[in-house]
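Input: a single structure, listed below in structure tokens.
Heavy atoms only: backbone and side chains are in, while hydrogens, waters and symmetry mates are out. Chain A is the first sequence line, chain B the second, and so forth, proteins listed ahead of strands; every chain is numbered from 1.
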Amino acid sequence: MFQRRPLQLATRLLNAAQRHTRSAGVQSFITVDDDQVRRSAADIDERIRAGDGSSLGPLAGVVMGIKDTLCTQGLRTTAGSRMLENYTPPYDATSVGRLRKADMLLAGKCNCDAFAMGSTTEASDYHVTRNPWDQNRVPGGSSGGSAAAVAAGQCIATLGSDTGGSIRQPASFCGVVGIKPTYGRVSRYGLIAYASSLDCVGPLARCVEDAAAVLNVISGHDKADATSSTQDIPDFTQGLEPRESLQSRPLQGVRIGVVQQMMGEGVAEGVTAAVDRACRHLESLGAELLEVVVPSLELGTPAYYVLATSEASSNLARYDGIRYGLSSAGEKQELKALYRNTRGTGLNAEVKRRILMGTHALSAGFIDAYYKRAQQVRTLIRQGFHDALQQVDVLIGPAAPTPAFELGTVINDPLTMYKNDVLTVGLNLAGLPAVAVPCGFDDKTASNPLPVCVQIMGRAFDEARLIKVAHVFEQTADFAFGIPDSCSQNGRI
Amino acid sequence: MLLVGRGALPFPCCLLISLRDLGLQRHITYCRAAIHPLSGRAARRAPAGRNTTTAAAVAAPEQSKHQTKQNKGGQQAAKTAWEAIVGIECHIQLNTRTKAFCSCSNQFGGQPNAHVCPVCLAHPGALPVLNQETVHKGMLASLALNCSIAHTSKFDRKQYFYPDLPKGYQISQYDIPLGSSGSLELMFKDGTKRQVSIERAHLEEDAGKLVHGGSDQLSGSTHSLVDYNRAGVPLLEVVSGPDLRSGREAAAYAAELHRIMSLVGVIDVHAQDAVMRCDVNVSVRKKGEEQLRTRVEVKNMNSLSAIQKAVEYEMERQVELIESGRESEIVQETRLFDEDKGHTFSMRKKEGLADYRYFPEPDLPLLQIEENIISEVKDSLPEMPSAARQRLLQLKLPIADVLTLTDDMETATYLSAVLAAGAPPKQAANWVMGDLLGYCKEHKAHIGDLDLTPQLLAEMITLIESGTISGKIGKQILPDLIKGKVSPGSLEKWVKTEGLAQISDEATIAAMIDEVLASKPQELEQYRGGKTKLQGFFVGLVMKESQGRVNPAIMNKILMQRLQATKS
């Protein structure tokens, strides 16, 4: 699947990354580690030449970008925030460590909204990443840098994190594949926490098979994460046949539920049209399509914003200027000034807003009405998904209600931005997996067509099935894919 | 900005903090007197100060000296019409091998920040994983306090900002503690007992420690450094019901708690460092009253006697205020105890409850413990002090002796082994309490570490009881036995070989006596003249002659016969 000419490939990809990291380009990365990646690539080349190829890991030579919310030992990790501008982790996130062991080439750290709080990557404290399809538009967020880097051909795959849609929505905006695994499938150790009970690490890639290959490597129990699962890990790439090997009706017998609440009001016409077409295509592949309602799903957004911000208010308390990261007491050398100054200057407006919301939701006198109530809603939504998934094998709906926004349109309008998460947060509350796969283009919203993803959602730890359906769809739906003009060289990356 | 050993540490962690903001200046002088320079810090919040309470399990003093210095009227009132209502919260550091949520060593001391990792320093992305030994020791301790163990409990985050708290929250247990509804029994020298309820016992983690720089005194220090070696050390917080009625009872409770924790091995029995920290809640009421008055919390007691004195002082202060019509001046607040001055003073008023915004810790799954595990731990518990006291009382030992013997349960365990080896209770108790504890005290030894096994001591006592050796010889050979000169089972043979066996043969003794009397005709004359006190003189001479080996009863009988005979 992967070409084993790592240095050559790495160099080409890095050139692309360079091109787009500079001010004029996509700017997917916060930190690029050229030297290291060239050295590693040369090393792998050497091992292949020396006939030592069999010792290489499954991702040998695969150039990857890592969302900057994942710790990389020895490589600056900022989480997109000024708070960690000079923070170099003393350890690797478990998922990153597993990728390194698989001999990936780590190109650098992808841009994201600070502490993964945002839906556009405009809330990064470093720079705005642009959508490779239209540089006046956002790549989505918070894993916008990870999605844009893949779309722009700078990386073969990237890691992102998905707390309320942060892998699926940017995948949709950038027209790439993104997998949000079941909660617990991939270790969170080393993922800079936003909302612990919702955070998931997952891959983004140009095709389903590549994403599955990365998921193979990063999945599995980790004794450093007490919430990581001990479930068996299947080979997610197994049975992913190329188009020419597929039967005429490869999805025969698969029952797909089209989530009704995801197809109506609030979803852009062009998005609905693209998803409808994808559904028809799935039907033509033999799948049985049913209309399904996920009870309580519409309660997801408010519950999500209470629970995620509550946990965030606690998770971000550690950035106090005492042990690492930004530390500034200002003129008054005293403790409260240190806290105020460090947090006041190190955390951006969106992060502060969410900390304040979460602090309020957990406060005496409000916790019952907010946090506890939201937990009850979470139970309802979990039950709703469970019930819906009793009737069908997988659920389907758009991964985002709109194609990519224009720069600057929602960043100052938090409520509109939060509403944009309506199609994704429910799944996080339920802890279930989903694969976002490009399903075509919205040619109604803007003058130029913008990519759109469907998300194929399923039962806990049933990623293999979702991947198979997404793969079959991808292999057969020519209409769904494309390469942004700005990034293609003679039609290929 | 001052950094400690930045190069040497895997993770730099230190910072300049002004003391002004720590809320400490008001009690700087008091804090300075304490072992832990920042006990005022510890007093602010829950995590226990390592150095703030003595580990020594001493018997609670019966009456504090301090009290006699106080206003007599108040004291009288306190003694007669009033009683204190006291509840105690105690933080116990569990002696696990590693910290509660990471694999760093749980070892006291060492270079600052030597026992730290990304988890206990709260680096971005680091996650806690519960140490099983913490749960096991928490269960041991809770079951020893007769608590029921929650089959499903959970951890919660208690949130506040402080430099020694790396995550900005403490992992604790809020609404479902590991242990609940327990009890503990106290016994006093007059034989009275008191059942103290244990409301809850929950697991949590300790915080780090601030160290002050720029001066050798806190008051002059210019900055503070943080040592995170203690951050993440497991604690068991044990909360008693408001069942204690005096300073004496409060101190006895703390002593009993320490005794039980040592016994089940969750704290080091002879730790040099303090491993328990007690905070007391005190209010007063007239005896017979039902209604409770405002209570205050007192912290910073460094010993059991300090606990007693603090409660007594607080009781007096509150009674005086009430009796002089100033009850409104008793407010819900936290007060610190100043051991030098023997009084408490206000640290901060509680303006409403602090809002810690507890919520369930999402990084840790529910803590589920199966019944068979609970039973297993329960079955592994040794005999508790209350049961040991009961058993020893049934052997007709006096209460005072029973309390001495069960003060350190190592002694009680030793005694039990002596009894099991066949020694009679009273004699065994006397040997253990007198000679053995005396020896231990003098040599700073622990009774359980002596080479003198309980079996050997029982052998010796049996030899004395059977008249094979005299008690005097027993005392004489004890040091040899303690040094391990004789192996168990061979003592009788050894005393005979060494010629230490008691002389009980009447003819031999009579001959000795006759010889002594013959050698002292003058004294014999005086005795005959009515100076009967001289009997002791003759006893001494015979003992000396026989090197203490004569059977005293037989010797006395024969001596009296001889003296009487001479007289008549």
Side-chain angles (χ1 to χ4, degrees), chain A residues 69-71 77 79 83-84 87 89-91 93-94 115 187-193 195-199 222-228 307 310-311 313-325 327 329 332-339 358-359 361-365 367 371-372 375, chain B residues 1 9-23 101-103 113 116-119 121-130 155 157-169 208 222-224 226 228 231 352-365 367:
Chain A
T69 51
L70 284 155
C71 285
T77 299
M83 182 63 85
L84 295 175
Y87 177 66
Y91 72 104
T94 300
F115 293 106
S187 169
R188 291 185 296 116
Y189 190 72
L191 169 66
I192 295 180
S196 312
S197 72
L198 300 162
D199 292 343
D222 174 16
K223 61 179 170 37
D225 175 2
T227 63
S228 72
L307 295 176
S310 294
E311 292 183 19
S313 71
S314 176
N315 284 331
L316 271 66
R318 64 187 60 194
Y319 307 110
D320 56 6
I322 290 185
R323 295 167 309 284
Y324 49 76
S327 180
K332 280 169 97 183
Q333 290 284 310
E334 57 177 39
L335 189 63
K336 270 184 187 151
L338 175 85
Y339 288 154
T359 305
L362 289 174
S363 295
I367 185 166
Y371 180 81
K372 289 185 181 166
Q375 286 288 29
Chain B
M1 195 77 44
L9 298 178
F11 313 105
C13 38
C14 32
L15 160 90
L16 181 68
I17 298 160
S18 160
L19 291 170
R20 217 172 315 153
D21 230 34
L22 304 184
F101 300 109
C102 64
S103 52
N113 298 312
V116 293
C117 73
V119 176
L121 287 182
H123 269 244
L127 298 172
V129 176
L130 179 59
F155 289 92
R157 293 182 180 180
K158 178 182 182 177
Q159 310 191 67
Y160 59 89
F161 281 96
Y162 206 67
D164 62 7
L165 189 71
K167 295 186 289 293
Y169 54 85
T222 55
H223 59 273
S224 299
V226 197
Y228 290 103
L353 280 172
D355 185 1
Y356 292 116
R357 303 192 311 281
Y358 280 102
F359 77 105
E361 165 59 284
D363 288 332
L364 293 168
L367 175 56

Inset, instruction - Would you indicate whether the side-chain heavy atoms of A:Leu307 and A:Ser197 approach each other to under 4.5 Å? - result: no

Legend entry - chain B interface, residue from A:Thr359, A:Leu84, A:Ile367 that has the most non-hydrogen pairs under 4.5 Å: A:Thr359

Legend entry - Side chain / backbone / both / neither for A:Asn315 at chain B, heavy atoms under 4.5 Å: both

Legend entry - Whether A:Tyr324 and A:Tyr319 hold their rings parallel, tilted or perpendicular, with breakpoints at 30° and 60°: perpendicular

Inset, instruction - Considering only heavy atoms and a distance below 4.5 Å, find which of A:Ala364, A:Ser314, A:Ala317, A:Ala93 pairs most often with chain B. - result: A:Ser314

Legend entry - Most chain A-contacting option - heavy-atom pairs closer than 4.5 Å, from B:Gly168, B:Pro124, B:Pro360: B:Pro124

Inset, instruction - Fit a plane to each ring of A:Tyr91 and A:Tyr189, take the angle between them on a 0 to 90° scale, and name the class: parallel (under 30°), tilted (30 to 60°) or perpendicular (over 60°). - result: tilted

Inset, instruction - Classify the angle between the aromatic ring planes of A:Tyr371 and B:Phe359 as parallel (below 30°), tilted (30 to 60°) or perpendicular (above 60°). - result: perpendicular

Legend entry - Pick from B:Ser103, B:Pro362, B:Pro365, B:Gly125 with the largest number of heavy-atom pairs that fall under 4.5 Å of chain A: B:Gly125

Inset, instruction - Measure distances from A:Ala224 to the heavy atoms of chain B and classify the residue's part below 4.5 Å as side chain, backbone, both or neither. - result: backbone

Inset, instruction - Mind ranking A:Ser363, A:Ala361, A:Ser310 by heavy-atom pairs under 4.5 Å with chain B and telling me who comes out on top? - result: A:Ser363

Legend entry - Partners passing side-chain hydrogen bond (donor to acceptor under 3.5 Å, both in side chains) against A:Thr77 (at least two apart in sequence or in another chain): A:Thr72, A:Lys109

Legend entry - Contact class of A:Lys223 relative to chain B, heavy atoms under 4.5 angstrom: backbone

Legend entry - Non-neighbouring partners of B:Glu361 that pass salt bridge (Lys or Arg N to Asp or Glu O under 4.0 Å), sequence neighbours left out: B:Arg157

